[in-house]
Amino acid sequence: MLKFLNHRETGIDDPLLLRRAAATQRVQNLELSRFRGVENLHECSINSMDLDLVDHRYLLAGGSRGTVTIHDMFNNSGDFQHICKIETKIDRFNEYRHRYSIETVLWYPVDTGMFLTSGTDRLVKVWDTNTLKTAGEYEFTGIVYSHHMSPVATTHCLVAVACQSSTIRLIDLKSGSDSHALQGHTGPVVCVKWSTQKEFCLASGSADSKIFFWDIRRAKGPLLAFDQHNGENVGDPGKTSHLGLINGMKFTSDGLHLLSTGTDDRIRLWNTTTGKNTLINYRKTKNDWKRAIELGITVNCSPDLIFIPNVCSIEVYNLFSGEHVQTLRGHYAQVNCCIFHPHYQELYSAGTDRNIVVWIPRGDSWAYDDYLKSQYVEKDGDKKLGYKRVGATADAWSDDES
Amino acid sequence: MGTPAECIDHSICQKMEELVEQLTTSGKPVLNAEKMKQFKNLCRISDLYVKHAYHQVLIQLKKEHAEIRLSAFQMMDELFNRSHQFRELLINDFQDFLELVVETDPELPLPPPKSAAKTLKSSAYKSIQQWYTKFGDAYMKLGLGYNFLKNCKKVDFDDIMARSIAERKREEEKERKRQENLKRKMIVALKEMDDSIQDISLCLMEAENCFQLLLPSPDEFFISNSCHGDLDSSNRKAQNLSLAKEKSSTTVDLELEPSADARCGASSFNVENDLSSNQQVNSDSSSQENKAKPEKSDKAVMSKHLNDSKSNSVHQSHGVLSDVEQENSLTGVYIKGSQSDRKEKKEERTDYENKKFNEMSPNLSQSVITKRQNSDLKKLIRTGKVCEVGLSVSCTNSEDTNKTDEAEPHCSESSTKEEDKMDKSVHSDGGDDDDNELDCSDDDFKYVDVGMNPLRTEYRERGSMVKEHGLGSSKYQISIQVEPAGVSVKKNADNQFIIQTLQDQYRLVSTKFLPNTKRWIQEITKAGGSDRDVKKAIDLKTKLENCKRKCLELDLVPADRGNIESSETDEDEFEEVQEKEGYEPIIPSHLRAEYGLEPLKPDQSKSKSKPKSKSSCIPAIKGKTTKSDWNLKNRVEEEDEMDPTSYKANIKKIVGTSSSAPSSTVTSEMLSRDNSTSTLGMQTKPNPSSSNASTTTLVDQKELPSGSGSENSVLPESRKKKLLEEAPNVKFGVDLEYWENPDKIEAPLVVKFDSLHRFWTPGEVHDGAVVTEDRAALTRRSYTYVGKFEPVKWKCRALLPNGKLCERMDRVKCPFHGKIIARNDLGQPCDPQDIEKLVKEEAAKQDETVPDWQDPELLADIEAATGVDLGSKGKGKGKVKGRGKEKGRGKGKSKEKKYPDLTDISAIKNTARSRLEAKVLSKSSLKRVCTAMDQIAYKRIRDKFGNQFNYAYPK
């Protein structure tokens with residue numbers, strides 16, 4: 001690490017290298033934060049979260065009772081101990097709220113002044129963050145499982161909507177109209193993601209076990225169909241990607257690969273240019289959730305790690321080797337979404353146990369310990385006690401037991 | 001935190017493991033403080049040990065036994081509060097921990113026993129809350145878990161205490177509702193009672209009136225009799241009664257000597273006998289020996305007992321009384337019957353009553369009299385007056401019955417107040433020939449003499465008797481026979497309507513009012529009604545019960561009494577079944593009826609029932625009436641009879657229509673045979689070889705007709721009866737046809753096939769030899785001697801652990817207590833030989849238990865040292881359990897023994913239901929039942945469709 005610093009100082013290396021090295025190191029060991037928490041308001045399971053792309057500060061969370069909260073994840077209190085406060089919320093008394101469960105929440109990629117939610121009441125709503133009123137509403141024929149906007153799009157402002165019908169709809173926010181329909185799936189589309197590299201490309205995963213890669217300029221049919229067997233004839237005529245419902249997809253930050261999970265308990269990584277299965281062997285991860293889940297993937301790390309919900313724990317794998325890195329245990333029920341913070345290397349996760357959990361690098365914990373130490377010494381006044389744990393973490397063997 | 005240099009001490013670890021096991025398998029709701037302290041001390045040494053301890057305890061926590069879990073949880077609680085390391089570890093696995101302790105996963109419920117699981121859960125909630133308040137800040141995950149429980153699982157931590165309050169409230173509410181309900185019921189009952197009380201009183205009154213008509217009460221006799229002023233010989237009659245009421249008349253008594261004198265003749269003997277002999281007389285009379293005694297016969301005093309009885313007490317009382325009497329006589333408190341109108345009237349009425357009831361039945365009249373006399377006598381007793389000594393109730397056949405006389409019902413009474421034992425003594429006086437009066441000849445009235453009078457009086461009386469009545473002696477005596485038997489009323493034209501009404505009332509009372517009243521009482525008392533209401537209801541009940549009792553006593557109960565009673569005692573008809581130790585696959589044939597099974601095989605049962613078919617048949621049938629309901633076959637057969645298409649029903653129909661005797665027997669035989677035969681055709685020839693249970697009975701009917709042929713019909717009834725009496729009971733056979741001329745029996749001819757060959761023919765068959773052989777075969781019968789079943793009359797009576805005596809009734813040997821021997825009331829053997837033997841056996845058993853070298857501990861040590869299994873565990877356990885119960889050697893048992901303090905979970909599952917299920921629904925029994933049912937179904941189909949070709953051949 002010192003070497004990296006040195007090189008960076010002298011300009012031998014690209015500054016990116018140091019950053020990457022630091023991030024990678026930090027991300028290797030995550031643990032449940034002892035000093036960071038998230039204020040929780042939801043009286044229901046949290047189905048979806050999103051971190052804004054502008055300054056990665058605001059965390060949007062949607063619950064199954066139509067409630068939405070926006071947390072400020074930035075700790076400006078100056079204290080280690082920090083509970084992330086709710087900035088604003090759509091509670092159960094908001095007249096515009098979703099009547100049923102919210103399935104997906106999404107920030108408008110360019111600005112935090114707007115976000116979109118969709119839910120089982122078949123609506124996609126566009127919200128004004130400041131007034132917490134809907135700016136627009138789109139109704140569909142079935143439950144809206146997922147919607148997404150391209151994070152890199154500059155020329156269009158399209159929202160891809162995956163709903164119970166097999167057609168993917170594209171809504172143009174500019175005109176407020178339904179501009180495209182992408183047909184090809186034979187079952188309900190569960191998740192849809194825009195490419196993080198090509199602004200006109202998107203991927204969709206469906207209950208018919210197929211993942212299609214679309215270019216919206218070519219609406220005739222999908223550009224690619226991801227085949228789990230890479231075209232080898234194994235008696236599977238349909239070119240399926242999984243052997244079950246596809247409920248989670250995530251593009252890597254460079255957009256070259258697509259990660260997908262299905263109810264066959266498998267995780268697959270696809271090459272988005274060739275449409276090939278990279279055949280990386282991740283462990284079997286239990287996954288029987290019939291709705292969209294959000295996968296976490298690190299940014300600017302080498303190697304990158306992925307965070308896959310495994311019922312009530314989160315499994316961390318090496319993206320390219322498939323190696324199991326660690327298991328994060330902290331939830332008490334099904335985990336629905338994992339959001340990686342690219343700057344802090346923190347992970348936010350939430351699930352049906354209603355908790356939003358912050359996972360931080362272990363280094364931060366140690367720092368916290370140091371801080372506690374210093375705090376204690378300061379408070380105590382005299383230095384003779386030296387190292388000692390404080391407060392509640394101390395051992396408390398009573399003397400009468402000796 | 002343990003430094004790498006620190007290494008773990010194996011011995012300490014082992015110690016910890018032991019402690020963990022001991023602590024968690026104690027089965028107690030609270031940990032052993034001493035051991036826990038030790039354990040904590042060990043943990044304290046270093047964090048490594050804490051870690052070790054954590055894993056150990058976690059292993060225990062995962063055991064499928066709530067008590068183990070509870071103890072493990074309590075250990076965890078202790079350590080959690082102590083060690084940071086432990087907290088870290090536990091919180092790391094907090095999800096699993098919650099699952100194990102508060103069943104967060106509904107698919108993984110807490111293990112049994114339930115009570116421990118409940119305490120575990122509640123104490124876990126409590127501790128988690130404590131942990132949260134204490135450590136929540138430091139351990140984020142704990143907080144998350146707490147929130148999870150609170151928000152998602154809706155555990156109300158703040159309200160764990162308050163919840164109990166809520167529960168209490170709920171219970172109160174429940175109780176209140178219950179009370180309300182009861183009260184409502186009570187009100188309804190009261191209303192009902194008020195409504196029907198009139199009906200009831202009406203009914204009761206009616207019944208009472210009926211009783212009065214049928215059987216007037218003694219009080220009314222007097223009233224009614226006063227108008228029957230006939231036959232008033234009151235003036236003449238001297239009745240010597242010791243009635244206090246009539247003290248007033250003492251003076252009169254003394255003046256009116258004649259009646260008293262009249263007695264003198266009779267009591268001349270008495271004078272001689274004197275008071276001193278009184279006792280003797282009494283004792284004699286009471287022992288009914290007076291007839292043998294000449295002196296008494298002279299006196300013509302015959303005594304009759306109402307009851308057999310305690311002559312001793314009588315003696316004693318007499319001893320006392322004699323004095324009293326003497327005094328009485330001296331003071332002249334003797335009351336003469338002539339003055340005592342009442343007594344007289346009574347006499348007359350007795351007579352009258354007698355006559356009246358004689359119409360109905362002599363029996364009744366007698367008993368009525370008995371009653372009345374009893375009551376009268378009771379009155380005497382009540383008055384506390386003197387009772388006479390001379391208690392000789394004599395039954396006389398006086399020479400001259402026509403010359404009846406004033407009865408002097410010198411109603412002496414033993415003041416012992418034994419109501420049953422009433423001796424009545426009547427002194428008969430000579431003198432008046434009063435035919436109207438007590439007529440000894442025609443009824444059971446007996447004139448009774450008590451010859452005990454004080455001296456002075458008697459002297460006087462003698463003279464007057466002669467004077468007044470012209471009688472010199474008191475030989476005319478009436479003895480009254482009083483029977484204690486119950487009263488019964490005979491139905492006749494006069495009273496039949498009364499009785500009918502009474503029966504109606506009885507029915508009404510017993511079926512409607514009485515049950516209703518009982519219910520009301522129950523409801524009122526349950527709801528805590530006022531005393532007044534309860535009293536009212538109870539009064540009503542007593543009245544009704546009295547009425548009912550009266551009806552029953554008078555034997556007036558209508559014919560349906562039996563039904564009513566049987567319905568009441570229905571429950572009792574369930575027979576007590578001795579518990580069977582196990583399934584008995586083989587049932588001895590003589591017990592088959594007891595098991596509700598059909599006799600094993602006709603052949604066997606027949607030979608047994610043969611010798612006395614009637615006596616053995618009847619009980620069998622009786623037993624069947626209840627048990628055959630359960631017999632599958634019988635039920636199916638019954639069903640068959642209902643089904644018009646079935647074979648059986650057809651047969652039945654034919655039997656019903658056919659009138660000729662032979663055909664009916666044949667068909668009935670067919671009936672009985674239909675189980676075994678598959679032919680449908682009507683064979684009219686009985687097959688002698690087919691031996692069925694019913695053939696024996698058939699023979700009984702058929703024997704005579706077949707034996708005596710056509711003459712039989714001519715025979716007079718008497719001869720038939722006579723013949724039937726002496727006719728032997730023989731199995732059916734050909735020889736019955738030739739019963740009266742057995743020589744004529746012919747063996748069936750063996751028909752030889754004639755050879756079809758034109759020239760060659762077989763040699764002649766020697767008929768004679770064959771015939772004799774065949775004849776022998778026809779006349780011979782074989783019997784299987786089974787013997788007579790004698791029920792066992794004794795019980796084992798060995799002392800059981802629960803203090804009772806063994807009730808098993810085995811013939812020779814009780815399976816539990818060995819040979820049956822004589823035992824006393826405490827179950828100890830009486831016979832010294834038996835005692836000796838038992839002691840010896842006991843000693844032998846103890847010797848046998850553990851030889852020195854087989855000491856289980858020693859064996860275990862050797863095993864531990866050598867690693868060779870010497871079977872110390874199984875044996876040791878078995879032996880330790882000992883006392884002949886060495887069944888429990890199995891592996892399961894020894895395992896169970898491992899933690900004796902824990903509740904046995906498997907025992908919970910071992911319910912009566914499960915055991916029954918295992919037996920009833922076991923594969924083999926199901927199979928058995930299925931085959932049986934299949935067979936029956938097949939048979940039925942065959943009966944119905946057997947003549948259709950496509951069913952004829954079984955697949």
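Every chain is numbered from 1, with letters handed out A, B, ... down the list of sequences.
For the atom pair A:Leu32 CG and B:Asn92 CG, the distance stands at 9.5 Å (nearest 0.5 Å).
A:Ser33 touches chain B through its backbone: at least one of N, CA, C or O sits under 4.5 Å from a heavy atom, while the side chain does not. At a 4.5 Å heavy-atom cutoff, the contact between B:Phe94 and chain A is made by backbone and side-chain atoms alike. Of the atoms belonging to A:Ser313, not a single heavy atom falls under 4.5 Å from chain B. In this structure, chain A has no heavy atom under 4.5 Å from any part of B:Ile91. Within the 4.5 angstrom heavy-atom criterion, only side-chain atoms of A:Val357, from C-beta onward, approach chain B.
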A:Arg329 and B:Asp96: CA distance, side-chain angles, deciding distance, side-chain contact (heavy atoms from CB on, under 4.5 Å) verdict
CA-CA 11 Å; A:Arg329 289 167 61 82; B:Asp96 301 336; 3.2 Å; yes
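In the displayed structure, A:Arg99 atom CZ is contacted under 6.0 Å by more than 12 heavy atoms of other residues, nucleotides or ligands. More than 12 non-hydrogen atoms from other residues, nucleotides or ligands lie less than 6.0 angstrom from CD of B:Glu17. Counted within 6.0 Å of OH on A:Tyr100, heavy atoms from surrounding residues, nucleotides or ligands total 12 or fewer; the atom is thus considered open. More than 12 heavy atoms of other residues, nucleotides or ligands shown are found within 6.0 angstrom of NZ on B:Lys121. Around the CD atom of B:Glu175, the shell of radius 6.0 Å holds more than 12 heavy atoms that belong to other residues, nucleotides or ligands.
Closest approach of A:His331 and B:Gln95 over heavy atoms only: O-NE2, 2.5 Å. Between B:Leu144 and A:Asn355, the shortest heavy-atom distance links the atoms O-ND2, 3.3 Å.
Below 30°, between 30° and 60°, or above 60°: for B:Phe148 and A:Tyr332 the angle between ring planes is below 30°, a parallel geometry.
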